[in-house]
Number of protein chains: 2
Amino acid sequence: MIKTSNYHHGDLREKILQTAFELLDNEGIEAVGIRKIARLLGVAHSAPANHFKNKQTLLTALATESFRHLVSKIENDISNEADNLRLAIHSFSNTILEFGLKYPNRYKLLWRREYADDQDTELGAAMDDVYAQLTHILGEHAKNNQVDVESQAIALWSLLHGYVLLRLDENLQEGYDEVTGIKRQVAIIDVLIDGIVA
Amino acid sequence: MIKTSNYHHGDLREKILQTAFELLDNEGIEAVGIRKIARLLGVAHSAPANHFKNKQTLLTALATESFRHLVSKIENDISNEADNLRLAIHSFSNTILEFGLKYPNRYKLLWRREYADDQDTELGAAMDDVYAQLTHILGEHAKNNQVDVESQAIALWSLLHGYVLLRLDENLQEGYDEVTGIKRQVAIIDVLIDGIVA
DNA sequence: ACCTGTATATTGACACTGTCAATTTAAACA
DNA sequence: TGTTTAAATTGACAGTGTCAATATACAGGT
């Protein structure tokens, strides 16, 4: 089908999201701009306004979709190791690390409240799903032990989040544990697990 | 002394930094703007250009000063607990946490390379000082044990960095360990220490 | 086929932003 | 006193997000 006019573009909303993701991945959060996207799509500077009320709405859509992507990855990867605590923690951690290192700017967008609308219920629900997975994993193990699972969950979450962001902001480089020879990103999780299963 | 004219303001550079810190602390990194600062100081929109080549230069100055502030806090606080590993780790951690929670936007600025100029040597040196303190603390202890101190250092650093950022971005709230009753931010460090001293 | 309502795209304006170039002013120095 | 130099001013340019008014095209009912 040949496009005869730009009016009623048809799938402009989808094209906007696609271009926005490309800008986000290739040039960073700040590079995602309404007018720039419109220009790239050969459409008037105000055309996107029909589909996204403002910039925040657009970024919220990007964040929500990214969260859902991440949650489904976690759910898939964990399914095989659900019965072994150590393996389950490593699986969860691996999924987060892989996602963060593969999509640096999506990962940053996920957790920076200044960009997305934190009142958005869909976004909030997708965020909660990540944390729910985490407490579920740890909860299975700690039923008998007299420990607060929340502290362990927050410790692991903080460790992963911090490591990913330090890597993404290039405050830290890829590396290997000098003694065991395993990847640093795995080694630091082992340090924490020793504290959990001890 | 009464100011007779705005030409050769005298301490404009200092005033700019001061106003920039106020904007940073009260309204966030994005709120720090050349023209806005000039307007607040009652000076022409291009006056700051004589003292800071561009916005990045200004933000780099803010980051460098903040780093030095943090480093000196760490050095002061650690001096009393240098001989006990557990206490030393808690002291270091406490300093980072306190700084981050007290100056959220300064903390964010410190680690986000997209704002400050990461080629700046003064900034780089101040950053390295933080990490040097950390490895020094852990290095004292691990001399005998067959472990890679770097992995422990990065684990602790990641944990602290992640926790602070989760708190600052309001992805996490202040809380207490349900079992021990101590502050969550202390409890998660204990989880990790159990893995280190085990 | 025709009118009408609605969704969508366009144009134009407004107030911002950072950065640059040309100019003016004041102080410092010889 | 005259000249150089540092520091502030003005003006312009290309961008940005957002809003209001307008134009276009499609869908549904008559």
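Order of the sequence lines fixes the chain letters, A, B, ..., with proteins taken first and strands second; residue numbering starts at 1 for each chain.
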Proximity to DNA chain C (any heavy atom under 4.0 Å), residues of residues 21-36 of chain A only
A:R35

To the nearest angstrom, the CG-P distance between A:D11 and C:dA7 comes to 19 Å

Look at the rings of B:F67 and B:W111 and say which category their plane angle falls in: under 30° parallel, 30 to 60° tilted, over 60° perpendicular.
perpendicular

Please give me every residue in residues 51-61 of chain A whose heavy atoms get under 4.0 Å of an atom in DNA chain D, ordered by residue number.
A:N54, A:K55

According to a 4.5 Å side-chain heavy-atom criterion applied to Ile, Leu, Val, Met, Phe, Trp and Tyr, with indirect links allowed, do B:Y131 and B:I96 form part of one hydrophobic cluster?
yes

Can you check whether any acceptor in the base of C:dA7 is under 3.5 Å from a donor in the side chain of A:N50, or vice versa?
no

Measuring to OP1 and OP2 of C:dA9, would you say a side-chain N or O of A:R13 lies under 4.0 angstrom away?
no

Using the rule that Ile, Leu, Val, Met, Phe, Trp and Tyr join whenever any side-chain heavy atoms are under 4.5 Å apart, tell me whether A:V186 and B:W157 fall into a single cluster.
no

Near-ring test B:H161/B:Y107, centroid separation under 6.0 angstrom
yes

Kindly check if the number of other-residue, nucleotide or ligand heavy atoms within 6.0 Å of CD (A:E65) is above 12?
no

Rounded distance in Å - CG (A:L41) to C1' (C:dA9)
13 Å

Who pairs with A:A125 by side-chain contact (heavy atoms from CB on, under 4.5 Å), at least two apart in sequence or on another chain?
none

Check against side chain to side chain donor-acceptor pair (under 3.5 Å), A:Y115 and A:E30
CA-CA 10 Å; A:Y115 294 116; A:E30 298 297 330; 2.6 Å; yes

By nearest nucleotide on DNA chain D, pick out whichever of A:R39 and A:S46 is the more 5' one.
A:R39

A:L12 has an atom CG; how far is it from atom C1' of D:dC26, in whole Å?
16 Å

Less than 3.5 Å between a donor and an acceptor, one on the side chain of A:H45 and one on the base of D:dG15, is that the case here?
no

Taken to the nearest 0.5 Å, the spacing of A:I188 CD1 from A:K183 NZ works out to 12.5 Å

